[in-house]
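The structure appears right after this line, and notes come after that.
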Amino acid sequence: MAAIDMYGSRGTTRRRRIILAEFLVGVVVMVTWGIWLLSSSSGLGTRAIGLWLTGAGLNYAPLSIYAIALMRRGALSAELAGTDTDRELRRYAVLQLWVFVPLSLVVFTIRDALARRRARTTAP
């Protein structure tokens with residue numbers, strides 16, 4: 001998701017920087033605001049919003065890590081080699097809704113990392 005978002009329709013350096021900033025700000029602002037709401041509110045509704053903000057904000061952490069890695073020269077091109085970016089951009093519109101499901105991208109990232117690790121240990 002991070003790669004296709006950073007590439008957009010042309011893959012400009014400016015877009016990559018903007019998307020990286022969006023991901024980093026998303027983590028910091030959403031998690032900070034969520035924790036503040038959790039710690040300072042007494043109402044159940046406000047605490048629920050704080051919990052949601054914290055969980056959704058943490059989804060930006062793996063995106064930020066990938067975006068930082070993709071900022072290296074040639075990394076984004078290598079990641080998207082052989083990819084139909086127009087098709088992936090259309091698909092991305094739906095996939096990005098997972099950001100709003102608290103901790104979903106964190107769980108997907110952990111699941112994928114464990115699968116890669118298992119594949120390495122079982123490979124001949």
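In this chain, numbering begins with 1 at the start of the sequence shown. Every value quoted in this text rests on a predicted model; they were computed, and no experiment measured them.
Note that OG1 of Thr85 is 9.5 Å distant from CZ of Arg90, once rounded to the nearest 0.5 Å. The structure places CG of Leu63 at 10.5 Å from CE of Met6, a figure rounded to the nearest 0.5 Å. Note: Glu22 CD to Asp5 CG = 6.0 Å, rounded to the nearest 0.5 Å. Atom CG in Leu37 sits 7.5 Å away from atom CD1 in Ile49 (nearest 0.5 Å). Interatomic distance, CG of Leu97 versus OH of Tyr92, reported as 10.0 Å (0.5 Å rounding). Rounded to the nearest 0.5 angstrom, Asp84 CG and Leu89 CG are separated by 9.0 Å.
Looking only at distances, no side-chain donor or acceptor of Thr32 sits under 3.5 Å from a matching main-chain atom of Val29. Ser77 contributes no side-chain N or O that, together with a main-chain N or O of Gly74, makes up a donor-acceptor pair within less than 3.5 Å. Side chain of Arg17 to backbone of Thr12: no donor-acceptor contact under 3.5 angstrom is found. Between the side chain of Arg120 and the backbone N or O of Arg117, no donor-acceptor pair lies under 3.5 Å. Proximity of a side-chain donor or acceptor of Arg16 to a complementary backbone N or O of Met71 within less than 3.5 Å is not detected.
Annotation for Ser104 and Val101: closest pair OG-O, 2.9 Å, computed over non-hydrogen atoms. Nearest heavy-atom pair, Ala69 versus Ala75, reported as atom, atom and distance to 0.1 Å: O-CB, 3.6 Å. Taking both residues in full, the closest heavy atoms of Leu24 and Ser64 are given as N-OG, 3.5 Å, listed atom of the first, atom of the second, then distance.
In terms of hydrophobic clustering, with Ile, Leu, Val, Met, Phe, Trp and Tyr side chains grouped at heavy-atom distances under 4.5 Å, Val28 and Phe23 are assigned to different clusters. Hydrophobic cluster membership is shared by Phe100 and Leu105, with clusters built from Ile, Leu, Val, Met, Phe, Trp and Tyr side chains linked at under 4.5 angstrom. Tracing side-chain contacts under 4.5 Å through hydrophobic residues (I, L, V, M, F, W, Y), one never reaches Trp36 starting from Leu38; they form parts of separate clusters. When the side chains of ILVMFWY residues are joined at heavy-atom separations under 4.5 Å, either directly or via intervening members, Ile68 and Val25 end up in two distinct hydrophobic clusters. Under the 4.5 Å side-chain heavy-atom criterion for grouping Ile, Leu, Val, Met, Phe, Trp and Tyr, Ile4 is not connected to Tyr66 through any hydrophobic cluster.
Between Tyr7 and Thr83, every side-chain heavy-atom pair lies at or beyond the 4.5 Å cut-off. Contact check for Met1 versus Val99: side-chain heavy atoms found under the 4.5 Å cut-off. Looking at heavy atoms from C-beta onward, Asn59 lies in side-chain contact with Val106 at the 4.5 angstrom threshold. The shortest distance between side-chain heavy atoms of Leu58 and Met30 does not fall below 4.5 Å. Using a 4.5 Å heavy-atom cutoff, the side chains of Leu114 and Arg118 are in contact.
The neighbour count for Arg72 CZ, taken as heavy atoms of other residues, nucleotides or ligands under 6.0 Å away, does not exceed 12. Surrounding CZ of Phe108 are more than 12 heavy atoms belonging to other residues, nucleotides or ligands, all under 6.0 Å away.
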